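Worth saying up front: this structure is predicted, and the values here are computed from it rather than measured.
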Amino acid sequence: MHEKANASIDPVDLLRVRFEAAIRAALPELEGEFDTLITPSRQEKLGDFQSNAAMPLAKRVGMNPRELAGKIIEKLDLTGVGEAPGPDSIAGPGFINVRLLPSALGECLGRLDTPELGVSPPESPRIVVVDVCGVNLAKQLHVGHLRATVIGDAIARVFERLGDTAIRQSHVGDWGLPIAMVAWRVSATADAGGASVQSLTLGDLEREYRAAQAACRPETRALERVRARGGHPKAEAELELRIEEAEAARAAARAFLVALQGGDEAAWGVWQTIRDITMGECLRLCARLHTRITDEHSAGESSYRTELGPMVEDLVARGIAEESDGALVVRVDGIGEPALIRKGDGGFLYATTDIAAVKRRVQDLGGDELVYCVDARQSLHFRQVFGAAEKAGYTTKPDGTVARLEHAAFGTVLGEDNKPLKTRSGENVKLADLLDEAVARAATTVAEKNPDMPERERGEVAEAVGIAAIKYADLSGERVKDYVFSFDRMLAFEGNTGPYLQYALVRVRNILRKARDEGIDVEAAMGADLLITEAPEKQLALLLLRYPGVLAGVAQSLEPHRLCTYLYDLATAYSSFYENCPVLKAESDAVRSSRLRLCSLAGRVLGDGLETLGLPTLERM
RNA sequence: GUCCCGGUAGCUCAGCUGGAUAGAGCAGCGGACUUCUAAUCCGCAGGUCGAAGGUUCGAAUCCUUCCCGGGAUGCCA
């Protein structure tokens with residue numbers, strides 16, 4: 001315990017040991033566990049860390065909290081860690097403030113300075129299955145898909161960074177009647193001598209998708225309305241005809257679906273082509289977005305098609321599913337609405353596929369934890385699916401351990417009217433257009449700031465800056481909150497933005513590059529004593545030490561925005577250090593070496609953090 | 001009706017799971033580029049944390065009720 005604390009990176013661990021000993025000594029009669037309640041100070045003038053333990057403990061033993069705080073600091077030995085405590089260390093109702101010794105800070109930093117930046121591999125790495133992206137066949141990705149892709153990938157990256165295995169799963173909506181409707185339509189067009197299916201773009205497919213939807217929608221409501229008003233017979237006749245046509249279209253689409261399900265070669269070929277067109281475009285965007293989502297991560301609904309029937313039979317046989325109004329449902333304790341898993345007509349529903357997906361992710365992929373990065377509006381759906389899967393025993397691994405299932409819900413992207421940007425509105429912003437706009441704006445800024453930069457590099461910088469701006473804008477807010485989409489907000493390059501973080505890292509790299517150019521032995525400086533004397537150095541050092549803990553907190557909470565906040569604070573602390581503490585022109589070689597090492601550490605943490613969020617980094621900008 | 005999620009500066013948002021005088025960015029005002037790149041830094045100004053109660057040494061944070069906004073709610077996915 002003491003050994004471990006001595007080797008710790010986080011000063012909180014060092015202090016906890018000292019405070020525990022002091023409290024035990026001050027209150028020998030105290031029984032049971034207690035918390036030392038050590039946290040970083042919010043205001044640096046008060047100290048670096050504080051313990052709030054005296055207040056609850058005083059209550060427990062019936063003492064005055066300030067008096068108890070006094071007794072604690074009498075026993076508190078901070079040798080080698082912090083400045084000796086005195087009466088001034090106590091403030092307010094009984095806060096105990098601690099100021100760290102520069103030497104202790106340097107030693108902690110030295111322990112952070114490992115190839116893994118203080119992140120130790122887990123004793124038993126876990127398998128975390130992360131649901132990402134959420135694409136549907138024949139539909140373009142729009143800004144609504146940004147979140148599932150970017151946040152999901154970031155969460156997966158955090159687990160990977162911590163030494164766990166992340167398996168991304170893109171649950172592609174590639175099955176069912178809507179898909180059959182488009183497939184039937186494009187196939188019929190091709191058969192009639194129109195455009196071949198292969199020649200279609202995703203944009204074409206999406207238009208066909210909408211057209212197919214419209215063609216298959218019976219306008220019974222409109223007819224009812226017309227009849228209720230005693231409308232014109234001609235209008236009535238026309239609507240009746242349209243309804244007939246729609247029914248015919250639906251019948252044709254159903255027939256196509258049956259052919260597809262039966263393995264009909266022609267139907268299968270059309271479906272495959274539509275799939276290839278959609279996924280090709282989707283994966284190009286995923287790559288451009290600097291995510292690690294690739295083809296191997298696609299597990300479409302179609303991949304469950306042969307598993308659903310047997311699974312449902314199994315649920316019925318074991319009495320987990322029951323009939324209700326002709327449909328089959330699974331009731332889950334604590335949820336009013338049951339999960340529907342089979343329609344009256346025998347068809348399966350999205351809950352069915354999702355339950356099968358839980359089973360596969362736990363029992364075949366070996367997931368210890370399943371994370372669903374999906375819109376918050378699906379919240380009830382996932383509570384039902386998780387509950388049903390648990391009831392069925394599908395969340396239990398072959399070895400008997402039970403997987404943890406979590407819906408990492410994100411808020412909706414809204415339009416200026418405060419309503420969700422919806423696919424059918426037709427006014428939604430395409431993801432590809434957003435990226436193009438971002439890069440175009442970044443290119444303008446790059447040209448202004450770096451007129452001498454070679455053309456090709458300017459392009460690369462613009463791409464990285466634009467993508468980082470968008471991703472950071474999406475990642476930096478609390479996950480569950482909605483936001484109103486705005487180009488200006490998402491493509492800002494100043495202040496608390498992705499490019500700000502990239503810029504701070506570029507400044508680090510510039511110094512290190514220049515040092516090498518000037519013939520300074522940078523490698524030697526990497527072993528230099530860390531002299532933390534100036535306030536900005538201290539601020540930077542204290543933040544650096546929090547990095548491993550922040551990563552762990554993000555994995556625990558599934559909230560990447562915490563890493564954003566941390567990196568922004570770190571970049572700000574570095575910027576302040578940069579302005580106030582000359583490195584290459586430091587007053588002595590020892591200080592210069594120390595600062596070079598501090599720069600290097602800051603750069604590595606920043607770079608590592610950016611990469612863990614999935615934001616591209618740069619050498620210059 | 002029931003359930004879920006939000007409400008913090010003019011705007012966009014943080015607030016480390018109950019700690020001290022609630023913090024940033026943008027916008028506004030004023031400073032700092034012959035210096036390691038100013039996509040930066042420093043300063044000023046800006047707040048009954050939706051409302052009212054409660055819990056306790058201490059509440060933006062926990063509990064209750066209410067107000068406002070959004071969402072979900074068995075045979076679409």
Side-chain angles (χ1 to χ4, degrees), chain A residues 37 39-43 46 50 52 54-56 58-59 64-66 91-95 97 136 173 175-179 301 324-329 335-345 347 349-351 353-354 375-381 383-384 409 411-412 414 418-420 442 445-446 448-450 465 469 473 476-478 480-484 486 488-489 492-497 499-500 502-504 506-508 510-515 518 546 549-550 553 557 561-562 564-566 568-569 571-572 575-576 578-586 595 599 620-621:
Chain A
L37 294 174
T39 60
S41 283
R42 274 176 182 263
Q43 299 160 81
L46 298 174
Q50 65 187 70
N52 303 333
M55 284 79 77
K59 176 153 203 171
N64 174 297
R66 275 197 79 108
F95 300 114
N97 291 316
N136 293 306
W175 206 242
L177 193 58
I179 307 300
E301 293 176 328
S324 169
D325 295 333
L328 207 57
V329 302
I335 306 176
E337 301 80 3
L340 260 86
I341 60 168
R342 195 174 67 196
K343 299 191 282 183
D345 67 4
L349 294 109
Y350 72 138
T353 314
D354 272 326
D375 192 300
R377 287 172 292 180
Q378 304 284 329
S379 162
L380 173 61
H381 168 68
R383 284 205 301 145
Q384 291 173 328
T412 309
L414 307 171
N418 263 348
K419 286 180 181 159
T445 307
V446 174
E448 279 167 16
K449 303 203 182 255
N450 304 67
V465 167
S476 60
E478 218 186 322
V480 299
K481 287 187 175 172
D482 297 347
Y483 65 77
V484 175
S486 145
D488 289 342
R489 190 182 67 79
F493 301 145
E494 287 167 14
N496 189 354
T497 63
Y500 175 85
Q502 292 175 313
Y503 184 67
V506 162
R507 285 175 137 187
V508 173
N510 282 343
I511 287 183
L512 295 173
R513 190 185 315 113
K514 187 152 186 184
E518 289 180 7
R546 286 163 69 167
V550 169
S557 63
H561 85 278
R562 294 191 187 198
C564 293
T565 304
Y566 168 78
Y568 176 68
D569 288 344
T572 303
S575 297
S576 184
Y578 182 94
E579 303 279 343
N580 293 295
C581 304
V583 177
L584 300 179
K585 290 175 183 164
R595 286 181 181 169
C599 280
R620 294 170 226 265
M621 64 186 276

Watson-Crick/G-U partner (both atom distances under 3.5 Å) of A9(B): none
Whole-angstrom distance between G53(B) and A14(B), as gauged at atom P: 28 Å
Opposite nucleotide pairing with C33(B), Watson-Crick or G-U, both atom distances under 3.5 Å: none
Lys/Arg-Asp/Glu bridge criterion (N-O < 4.0 Å) met for Glu518(A), Arg513(A): no
Side-chain donor/acceptor contact of Asn97(A) with base of A20(B) under 3.5 Å: yes
Under-4.0 Å side-chain N/O to phosphate OP1/OP2 contact, His381(A) with U73(B): no
Presence of donor-acceptor pair under 3.5 Å, side chain of Glu448(A) and base of A39(B): no
Side chain of Val583(A) (C-beta onward), nearest among U21(B), C36(B), A39(B): C36(B)
Whole-Å P distance, U55(B) and C11(B): 34 Å
Distance below 4.0 Å between Lys343(A) side-chain N/O and C76(B) OP1 or OP2: yes
Phosphate OP1/OP2 of A39(B): any Tyr503(A) side-chain N/O under 4.0 Å: yes
Which nucleotide in G71(B), A20(B), U37(B) has an atom nearest any side-chain atom of Tyr578(A): U37(B)
Centroid distance under 5.5 Å and plane angle under 30°, Phe95(A) vs A20(B): yes
C63(B) versus C4(B) - spacing of their P atoms, nearest Å: 12 Å
G7(B) phosphate, OP1 or OP2, under 4.0 Å from Lys481(A) side-chain N/O: yes
Partner nucleotide of A38(B) by Watson-Crick or wobble geometry (both distances under 3.5 Å): none
Arg42(A) side chain near G19(B) phosphate (N/O to OP1/OP2, under 4.0 Å): no
Arg507(A) side-chain N/O to A38(B) phosphate OP1/OP2 under 4.0 Å: yes
Arg546(A) (side chain) and C16(B) (base): donor-acceptor pair under 3.5 Å: yes
Touch class at under 4.0 angstrom, heavy-atom based, for Asp325(A) against every strand present: base
